[in-house]
Amino acid sequence: MRDITEALIVIDVQNDFCPGGALAVADGDSIVPGINALMDEFQTVVLTQDWHPANHASFAANHPGAEPFGVTEMPYGPQVLWPTHCVIGTPGAALHRDLRTDPAQLVIRKGFRPEIDSYSAFFENDRETPTGLEGYLDTRGITQLTFVGLATDYCVAYSALDAIRLGFKVSVRQDLCRGINLNGSLEEARAQMRDAGVVLLDA
Ligand code: VGL
Ligand code: ZN
């Protein structure tokens, strides 16, 4: 069993990011058994869910003439326009049916404001509007985080980089993550995490 100061953060293991989903990550569901097993090592487990209203600004469908996977400019910077995904209350937004949820003490939902996307479990894409996760971890005395889930190059990487910025010790189990890899985003995210001091682990 890991120390009481450690937590496992399971990012966005939702149907829409798994094969058959609206924003499917190749092999996304293959990490579920390994994540389930890893939960037994941690005294604190947090799950996150991407959780968007239908009119969300990150959806290409809400930008007339725009195609999915294009980029637009938002007040907070460039924003990839995604296929409509993880709409609040839909089956695509549900956690994968085989993912264990009983060991989790907290489920954080993010991206629920129509006008701003949220990749990170800590902050929305303006990098300053908090989700509340930092306060939860701090007040519970947690200082070391292990990240797993989907997608390596977006929500996992943004979360891990914010965690470093906030002063946590951070590992990413790469074997228990899968990436979208849009225009080389996977290699870029790995390099950014490595440079920031994230420990990149494999099985
Ligand atoms: C994600 C793109 C859009 C993710 C969420 O979970 O990595 N990626 N929304
Ligand atoms: Zn999203």
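Nothing here was measured: the structure is a model prediction, and the numbers come from that model. Just so you know, ligand 1 is whichever comes first in the structure, and atom 1 is the first atom listed for that ligand.
One finds no salt bridge joining D29 and R178 here, because no Lys/Arg side-chain nitrogen approaches an Asp/Glu carboxylate oxygen to under 4.0 Å. Taking 4.0 Å as the cut-off between side-chain N and carboxylate O, R100 and D102 do not count as a salt-bridged pair.
In this structure, the salt bridge (Lys or Arg N to Asp or Glu O under 4.0 Å) partners of E41, at least two apart in sequence or on a different chain, are R2.
The Zn ion (ligand 2) has an N, O or S atom of H85 closer than 2.8 Å. The distance from the Zn ion (ligand 2) to the nearest N/O/S atom of H56 is not under 2.8 Å.
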Worked verdict on F112 versus H52 for ring-ring contact (aromatic ring centres under 6.0 Å, His included):
CA-CA 5 Å; F112 50 79; H52 301 312; 9.6 Å; no

Are H85 and D50 close enough, and set up right, to give a side-chain hydrogen bond (donor to acceptor under 3.5 Å, both in side chains), and what steps lead you there?
CA-CA 9 Å; H85 66 277; D50 213 34; 3.0 Å; yes

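Between the side chains of T48 and R109, no donor N or O sits under 3.5 Å from an acceptor N or O.
Ranked by closest heavy atom to atom 2 (C) of ligand 1, the top entry among W82, Y158, Y154 is W82.
Numbered from 1 in the order shown, with element, the atoms of ligand 1 that lie under 4.0 Å from a heavy atom of A151 read 4 (C), 6 (O), 7 (O). For ligand 1, the atoms sitting less than 4.0 Å from at least one non-hydrogen atom of D12 are 4 (C), 6 (O), numbered in the order shown with element in parentheses.
Between the Zn ion (ligand 2) and the N, O or S atoms of D50, the shortest distance is to OD2.
Within the structure, ligand 1 has H85 among the residues with a heavy atom less than 4.0 angstrom away.
Looking from atom 5 (C) of ligand 1 to the surrounding protein, the closest heavy atom is D50 OD2, 3.1 Å. With respect to atom 4 (C) of ligand 1, the closest heavy atom belonging to the protein is C155 SG, 2.7 Å.
Within the 4.5 Å cutoff, no side-chain heavy atoms of T84 are placed close to those of N62.
Contacts between L150 and ligand 1 below 4.0 angstrom, taking non-hydrogen atoms only, involve the backbone exclusively.
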